Number of protein chains: 2
Amino acid sequence: MSLIKKDKFSNIRDLSIPVLALDVVIFTIFKWELCIITQKKEKENWPKHVLPGWIMAKWFSIRENIENLLKRKTWIQWVFYEQLKTFWEVERDPRWHVVSIVYYALVWTDNFLHNVDFTQVDIIKFDDLDKLDFMYDHKKIIEYAKQRLKWKLEYTNVAKDMLGEEFRISQLQEVYEIILWEKIDKRNFQKKIFKLKMVKETWNLDKSTNRPAKLYKFVDKELKIYEVL
Amino acid sequence: MSLIKKDKFSNIRDLSIPVLALDVVIFTIFKWELCIITQKKEKENWPKHVLPGWIMAKWFSIRENIENLLKRKTWIQWVFYEQLKTFWEVERDPRWHVVSIVYYALVWTDNFLHNVDFTQVDIIKFDDLDKLDFMYDHKKIIEYAKQRLKWKLEYTNVAKDMLGEEFRISQLQEVYEIILWEKIDKRNFQKKIFKLKMVKETWNLDKSTNRPAKLYKFVDKELKIYEVL
DNA sequence: GCAAAAGTGTTTGGTCTACACCCATGA
DNA sequence: TCATGGGTGTAGACCAAACACTTTTGC
């Protein structure tokens, strides 16, 4: 969207069809909070946020478009991503009719923290959304994505993409508590997760806490349906 | 997609961006079967089916685009519709890179049967899908839409759009049985629906069956979440 | 020995399932 | 009077929610 200045797209607004863009809502859990990765912008000396996005390149696959976008705008690799929705209201951008295909992505924070260039990219807390200024309808899009993320947690193993390979059950529970924004009973949570056979033991122990904890990993690497809640 | 012959789009394939199309999967229940409305095509003297669709017009809202599309291609009005997914694999159309924003729609058969021009439009049974020839990836899209429809039935009141204003509980149950493709226990179904307060009595009776049946209507006109199954 | 997080069972109430008979009407 | 679909209740199995104390380790 903001990349429209590139030469090859300079005549784009004169076309008889709308402009097609790709935007991504990237979620991660950072310091016990649900966060979103945005691009920094300035407009009239005032900080603005935008979702990472660009004008879609023709003849490139989704995978290439998204992975290039993420790599070049945020230095992030190894993410889970899934289509969220296409936003195409006429009035979303006052200048042109921009149709945005929006994806949401999940990253395990440790996978990108050391790569990110924080002069270009911001990590913002989801709870600060209302305090920040977003361009276009991006705030609405983020709220929509959060809703989808909640649903996905409730009936799939999508949490796998917000954790490392091995994790304590209590860490898995934290992911649920942070995103669903509610306290969950420890015993009932474990019973549920084990009964679903969503995770399996690794026989390794995490000794970083006081009493060492068993480490688990997900049975499936791929997204799979589980009736969690 | 097939409308590309129109003059105003004649140069569209030379653009640096993909072509943007709108397609709709229209479901209806016709003669106790789940059906889909397609456009008739012929290719090399062989009947082909296509989803109703066209190249998206710039500066028109979703509502205008969809409602005009439906009206002009299928003579259908008064439908429920919701965005399904955007399909944008490079190889979906061998000629151009076409990005299709696909919606699914539900119609109560009585609302359109007398309007339709069957020389242009076909009503096909979902169960015949594998026997028929579709252009592009439209068969895959229909299967995806069917899956979404099932989920929606299971956790919303979306069935309202496949029935008239007032209906017998057994008719509602039929909608569920046809789409979910399973037999449901009459007593358990009624208990569930009533407990959810999804429908309310109208105090009218349907005397067209042997023993007159109570008629109900939906409490909400709008789509609302209900944990039906 | 104390602080911190791990680990573990039981009871209770609610929900889901399976199942069969009588009723009101039109033909 | 019979065929058709309408209307209704219960028992048993299973699942979800609420709830608190003991264990292991590092400091």
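Remember, it's a predicted structure, so these values are computed and weren't measured experimentally. Here is how names work: the chains are called A, B, and so on, in the same order as the sequence lines, proteins then strands, and each is numbered from 1.
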For this session: Starting at atom CD1 of A:I184, determine the distance to atom P of D:dC19, rounded to an integer number of angstrom.
Result: 16 Å

For this session: Please tell me which of the listed nucleotides, D:dA18, D:dA16, D:dG9, lies nearest to the side chain of A:K192?
Result: D:dA16

Any protein N or O atoms within reach of nucleotides 21-27 of chain D? Criterion: under 3.5 Å, listing atom names and distances.
unit_1	atom_1	unit_2	atom_2	d
D:dT23	O2	A:R211	NH1	2.4

For this session: Send over the distance from A:W32 CH2 to C:dA5 C1', rounded to a whole Å.
Result: 12 Å

Seminar exercise, completed: For A:F218 and A:A159, the nearest pair of non-hydrogen atoms, with its separation, is CZ-C, 4.1 Å

For this session: Could you state the atom-to-atom distance from CG of B:D185 to C1' of D:dG7 in whole Å?
Result: 13 Å

For this session: Compute both the distance and the angle, then confirm whether B:K85 meets the cation-pi test with B:F87: under 6.0 Å from the six-membered ring centre, within 45 degrees of the axis.
Result: yes

Problem set entry | C:dG7 OP1/OP2 closer than 4.0 Å to side-chain N/O of A:R187 | no

Problem set entry | Interatomic distance, A:F194 CZ vs C:dA6 P [rounded to whole Å] | 12 Å

Exercise. What about B:K191, does its side chain sit under 3.5 Å from the base of D:dT10 through a donor-acceptor pair?
Worked result: yes

For this session: Please determine which of A:T156, A:D220, A:N157 meets the side-chain hydrogen bond (donor to acceptor under 3.5 Å, both in side chains) test together with A:Y226.
Result: A:D220

Problem set entry | Atom pair distance, as rounded to whole Å: CZ in B:F189 and C1' in C:dC19 | 18 Å

For this session: Write down the distance between CD (A:E201) and C1' (C:dG7), rounded to a whole number of angstrom.
Result: 12 Å

Exercise. Rounded to the Å, how far apart are B:L196 CG and C:dC16 P?
Worked result: 9 Å

Exercise. Do any side-chain nitrogens or oxygens of A:S170 fall under 4.0 Å of OP1 or OP2 in C:dA6?
Worked result: yes

Problem set entry | A:K195 vs D:dC15: side-chain N/O to OP1/OP2 distance below 4.0 Å | no

Exercise. Could you give the CG-to-P distance, from B:L229 to C:dT15, as a whole number of Å?
Worked result: 16 Å

Exercise. Would the number of heavy atoms belonging to other residues, nucleotides or ligands and lying under 6.0 Å from CH2 of A:W75 be above 12?
Worked result: yes

Exercise. Would you say the side chains of A:S170 and A:Q173 form a donor-acceptor pair under 3.5 Å?
Worked result: no

For this session: For A:L22 and A:N65, work out which heavy atoms get closest and say how close.
Result: CD2-CB, 3.7 Å

For this session: State whether a side-chain donor-acceptor pair under 3.5 Å links A:E166 with A:N204.
Result: yes

